[in-house]
A.B. asks: 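Please read through the structure below; I'll follow up with questions.
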Amino acid sequence: MTVNRIALVDVNNFYVSCERVFDPKLEGRPVVVLSNNDGCVVARSAEAKALGIATGAPWFQLQAQAKAWGLVARSSNYELYGDLSAKVMEVVGRFGTWQEVYSIDESFIGLMGDSAQLHATGAEVRAAVMRHVGVPVCVGVAATKTLAKFANRIAKQNPALAGVCALDAMPEGHVARIQERVPASGLWGVGGKTSSKLKMMGIESIADLKAADPAMIRKKFSVVLQRTVMELNGTECIPHTEEHVDKQQIMFSRSFSTPVTTVAGMEEVMAIYAQRGAARLNQEGLRASTMTVTAGTSRFAGGEGSFPAVTSRFMTPTQDPIVLIRAAVAAIGQSAVPGAAYLRAGVMFNGLEPASGTGMLDVFGPAAEQADVGDVLGEVRNKFGSMAIGIGVGGLAQAPAWSMKREHSSPRYTTEWKELPVVRA
DNA sequence: TCTGGGGTCCTAGGACCC
DNA sequence: TCTGGGGTCCTAGGACCC
């Protein structure tokens, strides 16, 4: 019987797999990829998982044993991951009647066929991605997104399935038995808070949640969890969003390698961060009507800490770096506590709209004739690199002392001429 | 010494309106 | 003691995701 189904394709240990494409020596070894600042683990190879290394484990705690374990660490290389992601998505998209790119390493696609065909297509997707990009993927196929996620997890955890699980192709009763065994807390959309509340009501397994009354769930929780229940029962509730949806929010946020303890120091940080944020707005062709400036001391130090957050509103939405820098510096100047040891800061833009669009002011004449500062900076950066030009301290050739630490970087193999891999034959 | 960054959606509650 | 009934819009905060 031919049916319409949804496949979730995702790359195993994506960041680690990307590192391995260009450095095959990492194959078979425990590998972790670290967050910005080499702070903590964000991705682990199967071998690293087997060593008991958790996601979020601080690198400084692992470092001592790293050598004995033969553990390899890489700083995150988002330029490489982003580029390989685009290649994976292109290959995966060839197999679907529609495609939704859900995250850097996951994509939903539409499939049609009988159970044998669905399974076979899953295996083809896997082989194609391996051949064209060189990273391993798992495929879960089911009637709804929630079930496809669930199927994908079964594919991952059961080596006998060779990376593909189509629920329609599973033996009779098998899926139900798994759902009785597996806790609901592993489901897509069921986090820690929800699952402990469910537990108190006696709902522990996926099967329990599937059998729960949707109306009751909606009342006690929310429409979100109600949708999960319906999706477990095969009713599609989560729409596909094929076309690119407009961003609602843009952030630039980083922690520092060393604390900043003076207000003047934080003003310098914000001058640079506002500028990086402005560059992102410009890249996306957007302008913002509000900007929120945040900063924070360590969450792990005792005491109160200091977590300023100041929102500025702009009469006319803007992406002008000069306006944004001025507002950000003023905001942090008024809210930072002198002497507090700040470890991170960020800027967040909301109320976004297209920069070139039909803003109201345009109606009244050709006011936007003169070149935009953001556009000029953007052009220079495109041509000469992201650090080629900046305003004020943001233009310093030498990075400030608190800048990000990246001591285990791999090259940007696919996006930077100077860092292309060299092959000797 | 050292513990990520970037998002989405939903809900509750306040301000304001008639 | 009690104190309209709708409605909209906005924001902050919670929960979740990768």
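In what follows, every heavy atom counts, from backbone to side chain, and hydrogens, waters and symmetry copies are set aside.
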A.B. asks: According to salt bridge (charged side-chain N to carboxylate O under 4.0 Å, His left out), does anything in residues 150-160 of chain A pair up with another residue at least two apart or in another chain? List the pairs.
C.D. replies: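 Of all non-adjacent pairs touching residues 150-160 of chain A, those that pass salt bridge (charged side-chain N to carboxylate O under 4.0 Å, His left out) are Asp10(A)-Lys156(A).
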
A.B. asks: Under 6.0 Å between ring centres: does that hold for Tyr15(A) and Tyr78(A)?
C.D. replies: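 For Tyr15(A) and Tyr78(A), the ring centres are under 6.0 Å apart.
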
A.B. asks: Nearest of dG4(B), dT3(B), dG7(B) to any side-chain atom of Met251(A)?
C.D. replies: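 Looking only at side-chain atoms, Met251(A) lies closest to dG7(B).
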
A.B. asks: Between Asn36(A) and Lys405(A), is there a side-chain donor-acceptor contact under 3.5 Å, judged purely by atom types and distance?
C.D. replies: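 No, no side-chain donor-acceptor contact under 3.5 Å.
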
A.B. asks: Under 4.0 Å, heavy atom to any atom of DNA chain C: which of residues 191-203 of chain A qualify?
C.D. replies: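 Heavy-atom contacts with DNA chain C come from Gly191(A), Gly192(A), Lys193(A), Thr194(A).
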
A.B. asks: At less than 4.0 Å, is any side-chain N or O atom of Lys149(A) found next to OP1 or OP2 of dC18(C)? Yes or no.
C.D. replies: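 So the side-chain polar atoms of Lys149(A) do come within 4.0 Å of the phosphate oxygens OP1 or OP2 of dC18(C), strictly under.
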
A.B. asks: Rounded to whole Å, please give me the gap between OH in Tyr102(A) and P in dC9(B).
C.D. replies: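 One finds 10 Å between P of dC9(B) and OH of Tyr102(A), rounded.
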
A.B. asks: Met404(A) has an atom CE; how far is it from atom C1' of dG6(B), in whole Å?
C.D. replies: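 Checked: the CE to C1' distance equals 14 Å.
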
A.B. asks: Does the distance from a Lys or Arg side-chain N to an Asp or Glu carboxylate O, for Asp168(A) and Arg5(A), drop under 4.0 Å?
C.D. replies: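 The answer is yes: the pair qualifies as a salt bridge.
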
A.B. asks: How many whole angstroms separate atom CD of Gln249(A) from atom C1' of dC9(B)?
C.D. replies: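 Those two atoms, CD and C1', are 11 Å apart.
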
A.B. asks: Taking atom NZ of Lys197(A) as the centre, report whether more than 12 heavy atoms of other residues, nucleotides or ligands fall under 6.0 Å from it.
C.D. replies: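 It does: Lys197(A) NZ has more than 12 such atoms within range.
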
A.B. asks: With the side chain counted from C-beta on, respond yes when Leu209(A) and Val190(A) share a heavy-atom pair under 4.5 Å apart, and no when they do not.
C.D. replies: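 Counting from C-beta outward, Leu209(A) and Val190(A) do come under 4.5 Å.
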
A.B. asks: Does a salt bridge link Arg287(A) with Asp320(A), judged by any charged N lying under 4.0 Å from a carboxylate O?
C.D. replies: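 Between Asp320(A) and Arg287(A) there is no salt bridge, as every charged N stays at least 4.0 Å from the carboxylate O atoms.
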
A.B. asks: Under a 4.0 Å heavy-atom cut-off, which of residues 44-73 of chain A touch DNA chain B?
C.D. replies: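 By residue number: Pro58(A), Phe60(A).
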
A.B. asks: Give every pair of a protein N or O atom and an N or O atom of nucleotides 10-15 of chain B that lie under 3.5 Å apart, one pair per line with the distance.
C.D. replies:
from    : atom 1 : to        : atom 2 : distance (Å)
dC10(B) : OP1    : Arg227(A) : NH2    : 2.7

A.B. asks: With a sphere of 6.0 Å drawn around NZ of Lys49(A), does it hold more than 12 non-hydrogen atoms of other residues, nucleotides or ligands?
C.D. replies: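 Buried by this count: over 12 neighbours within 6.0 Å.
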
A.B. asks: Within this structure, what is the CD1-to-C1' distance between Ile104(A) and dC17(C), rounded to whole angstrom?
C.D. replies: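 Distance, rounded to whole Å: 14 Å.
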
A.B. asks: Please answer whether the main-chain N or O of Arg313(A) pairs with a side-chain N or O of Thr290(A) as donor and acceptor at a distance below 3.5 Å.
C.D. replies: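 No, because the side chain of Thr290(A) does not come within donor-acceptor range (under 3.5 Å) of the backbone of Arg313(A).
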
A.B. asks: Classify Asp105(A) by what it touches in the nucleic acid, base, sugar-phosphate, or nothing, heavy-atom distance under 4.0 Å.
C.D. replies: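 It contacts sugar-phosphate atoms only.
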
A.B. asks: Could you give me the stems involving DNA chain B, meaning stretches of three or more consecutive Watson-Crick or G-U wobble pairs whose two defining distances are both below 3.5 Å?
C.D. replies: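 Expected stems, ordered by start: B:5-18 with C:5-18.
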
A.B. asks: Using atom types as modelled and distance alone, determine if a side-chain donor or acceptor of Gln99(A) lies under 3.5 Å from a backbone N or O of Ile109(A).
C.D. replies: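 Judged by distance alone, no pair lies under 3.5 Å.
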
A.B. asks: Under 4.0 angstrom, heavy atoms only, what part of the nucleic acid is Arg344(A) near: base, sugar-phosphate, or nothing?
C.D. replies: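 It contacts nothing in the nucleic acid.
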
A.B. asks: Can you list every pair that meets salt bridge (charged side-chain N to carboxylate O under 4.0 Å, His left out) and has a residue in residues 78-101 of chain A, with sequence neighbours left out?
C.D. replies: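 Non-adjacent pairs meeting salt bridge (charged side-chain N to carboxylate O under 4.0 Å, His left out): Glu79(A)-Arg412(A), Asp83(A)-Lys87(A), Glu90(A)-Arg94(A), Glu100(A)-Lys145(A).
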
A.B. asks: Are Tyr102(A) and Ser107(A) linked by a side-chain donor-acceptor pair shorter than 3.5 Å?
C.D. replies: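 No donor-acceptor contact under 3.5 Å links the two side chains.
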
